[in-house]
J.: 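Just dropping this structure here.
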Amino acid sequence: MGGLKATINNPKVSEEAKESARERLNEMAESGLGRKEATPDLNDNHVVGGYKATLHNDRVSDEAKAYAREMIDAAGVSEDSTSRSHTLEGDEHENHVLGGYKGTLKNPNVSESAKEHAREVLDEHDAL
């Protein structure tokens with residue numbers, strides 16, 4: 001499905017190819033194939049985040065930015081808002097960082113010096 005969507009948004013693709021891609025996407029949506037992609041849940045933070053990124057990408061056409069604004073509005077989110085799940089605060093952020101250090105200790109591809117550093121950080125935070 002991603003390839004079809006890319007075809008539709010690619011300025012170097014002919015209108016005929018774009019129309020063919022739209023028809024194929026519609027057929028897939030009607031048959032239930034790729035239903036989640038064909039009808040994205042606009043309350044999904046990742047979807048809205050993607051539309052917000054589109055607004056700030058200099059390589060994106062004005063038409064694509066206008067569509068992204070429509071989708072953000074349809075989701076009932078302001079362009080400059082951030083969701084709680086994407087703005088980790090305090091303990092939650094620290095827990096993620098410490099979890100990364102714990103993962104370092106178990107990763108066989110990590111050097112001994114990196115594992116030693118991870119142990120030191122975890123020990124400083126009483127997380128061993």
Side-chain angles (χ1 to χ4, degrees):
M1 293 195 65
L4 294 171
K5 290 180 180 180
T7 298
I8 293 169
N9 294 306
N10 187 337
K12 296 180 180 180
V13 173
S14 70
E15 283 304 313
E16 182 180 347
K18 289 179 181 184
E19 186 56 35
S20 175
R22 283 185 198 98
E23 289 173 9
R24 181 68 182 121
L25 277 173
N26 288 336
E27 289 170 8
M28 292 172 74
E30 288 172 9
S31 70
L33 286 175
R35 183 163 304 277
K36 182 165 177 56
E37 291 85 5
T39 56
D41 179 4
L42 292 178
N43 293 318
D44 181 0
N45 290 332
H46 294 283
V47 172
V48 174
Y51 286 125
K52 287 181 181 182
T54 298
L55 297 177
H56 301 288
N57 186 336
D58 294 334
R59 296 181 297 174
V60 173
S61 70
D62 290 338
E63 180 182 280
K65 288 181 180 184
Y67 179 77
R69 278 188 197 88
E70 289 175 23
M71 293 297 101
I72 291 170
D73 291 343
V77 177
S78 69
E79 290 178 25
D80 60 346
S81 71
T82 56
S83 70
R84 169 76 173 102
S85 66
H86 288 6
T87 55
L88 302 179
E89 297 173 7
D91 292 341
E92 189 175 5
H93 175 72
E94 185 175 324
N95 288 342
H96 283 215
V97 171
L98 294 175
Y101 281 118
K102 287 183 179 182
T104 297
L105 296 178
K106 296 179 188 230
N107 187 336
N109 298 319
V110 173
S111 69
E112 267 312 307
S113 63
K115 288 182 180 186
E116 183 57 35
H117 175 71
R119 281 187 204 94
E120 290 171 6
V121 172
L122 290 167
D123 191 41
E124 288 172 11
H125 289 87
D126 295 321
L128 273 176

J.: Hey, mind stepping through H125 and Y101 against ring pair (Phe, Tyr, Trp, His ring centres under 6.0 Å) and telling me if it holds?
T.: CA-CA 11 Å; H125 289 87; Y101 281 118; 8.2 Å; no
J.: Within this structure, what is the CD-CG distance for the pair E116 and D123, rounded to the nearest 0.5 Å?
T.: 9.5 Å
J.: As an exercise, state the distance from CG of N26 to CZ of R24, rounded to the nearest 0.5 Å.
T.: 11.0 Å
J.: Taking all atoms of both residues into account, what is the closest heavy-atom pair of T7 and A17, and its distance?
T.: CG2-O, 3.9 Å
J.: Rounded at 0.5 Å granularity, tell me how far CZ in R69 sits from OG1 in T54.
T.: 10.5 Å
J.: Transitively linked via ILVMFWY side-chain contacts under 4.5 Å: V97 with L105?
T.: yes
J.: Less than 4.5 Å apart, side chain to side chain, heavy atoms only: is that true for E16 and E19?
T.: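 E16 vs E19: side chains apart.
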J.: Give me the atom names and distance for the closest heavy-atom approach of L98 to L122.
T.: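 What the structure gives for the nearest pair is O-CD2, 3.6 Å.
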J.: Check whether any side-chain N or O of K115 sits under 3.5 Å from a backbone N or O of N107 as a donor-acceptor pair, and report yes or no.
T.: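 Here the side-chain-to-backbone pair exists.
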J.: Give, for atom CZ of R119 and atom CG of L128, the distance between the pair rounded to the nearest 0.5 Å.
T.: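 Reported value, rounded in 0.5 Å steps: 8.5 Å.
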J.: Using a 4.5 Å cut-off on heavy atoms from C-beta on, say whether the side chain of L55 contacts that of V60.
T.: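 Of all side-chain heavy-atom pairs linking L55 with V60, none is under 4.5 Å.
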J.: Can you tell me how far the CD atom of E23 sits from the CG atom of L4, to the nearest 0.5 Å?
T.: 11.5 Å
J.: Going from CZ on R22 to CD on E15, what distance comes out if it is rounded to the nearest 0.5 angstrom?
T.: 6.0 Å
